[in-house]
Amino acid sequence: MIIAPSLLSADFSRLQNEIEEVEGFGATWLHVDVMDGHFVPNLTIGPVVVNSIRSKTRSTLDCHLMVKEPEKMIPWFLRAGADVITFHLEAVERVPELLRMIRQSGKKAGISIKPATPAAMLEPYLSELDLVLVMSVEPGFGGQGFMPESLEKVKWLSEMKKAKGLSFLIEIDGGINAVTAKACKDAGVEVFVAGSAIFGAKDRKKAWDELKAVIS
Ligand code: DX5
Ligand code: ZN
């Protein structure tokens, strides 16, 4: 089980300290939310920042591209040092081509689906995926409430994974904390993104430990 702290809720003016703090708790993944102001109504981190982060950490940089034109931007993030690149199914037409682009660079490829997108739309691609990211809030902002409907998608993915002997990781993103994570774990989630629950906590170490205890 992996916790991927979402840097979106970190203090961007002291990003290196924020990263070192969660790595001190045991984080080995960092979730990087890339928003372009078009696919979602918010603008966040670009490849320049990912490149700077890369020079300061060996953690897995889990880049979640909430962008309208991932085909244009994937090469930027590959060059910047991303380890996992996840794009949105709703944003692209040539899915296999993009998966190949990422995997041929030796990096892990993921697809994310928004709350309104059925998981079954991923079926043709499951064997080519390293990760599926189920959004449990509308993408765009941290600190929103968890949508329990997303659990049905996780269950379906988990069943498909078992039935077909596949190896993609199931990641959940949005509203995850020590309360909501339990049902996610039971449904089959393996990677838990948590932004405000960790970086927004008064006692971050306690928040990490509580989340860790629930998913272990
Ligand atoms: C939302 C982002 C999330 C966000 C999660 O669009 O994809 O990664 O940082 O934040 P919390 O954990 O606060 O819901
Ligand atoms: Zn995200």
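For the numbers below, each heavy atom of this structure counts, side chains included, while hydrogens, waters and symmetry mates do not. Numbering of ligands and ligand atoms starts at 1, following listing order.
- The side-chain contact (heavy atoms from CB on, under 4.5 Å) with Phe87 is formed by just one residue from the set Val67, Val92, Val34; it is Val92.
- Taking the side chain as every heavy atom from C-beta outward, Trp208 and Ile198 approach each other to under 4.5 Å.
- Inter-residue side-chain proximity for Val22 and Leu30 is flagged as met; some heavy-atom pair is nearer than 4.5 Å.
- Pocket lining of ligand 1, defined as residues with a non-hydrogen atom under 4.0 Å away: Ser6, Leu8, His31, Asp33, Met35, His64, Met66, Met135, Pro139, Gly140, Phe141, Gly142, Gly143, Asp173, Gly174, Gly175, Val193, Ala194, Gly195, Ser196.
- When only modelled atom types and interatomic distance are considered, Asp62 and Thr60 share no side-chain donor-acceptor pair under 3.5 Å.
- With contacts defined as side-chain heavy-atom distances shorter than 4.5 Å, the pair Asp173/His31 qualifies.
- With a 4.5 Å cut-off on side-chain heavy atoms, Met135 and Ser112 count as touching.
- The two residues Phe199 and Pro5 make their nearest non-hydrogen contact at CE1-CB, 3.8 Å.
- By the 4.5 Å heavy-atom criterion applied to side chains, Thr86 and Leu65 are not counted as neighbours.
- Less than 2.8 Å away from the Zn ion (ligand 2), the protein contributes these N/O/S atoms: His31 NE2, Asp33 OD1, His64 ND1, Asp173 OD2.
- Side-chain atoms of Asp33 and Ser6 form a donor-acceptor pair, as typed in the model, at a separation below 3.5 Å.
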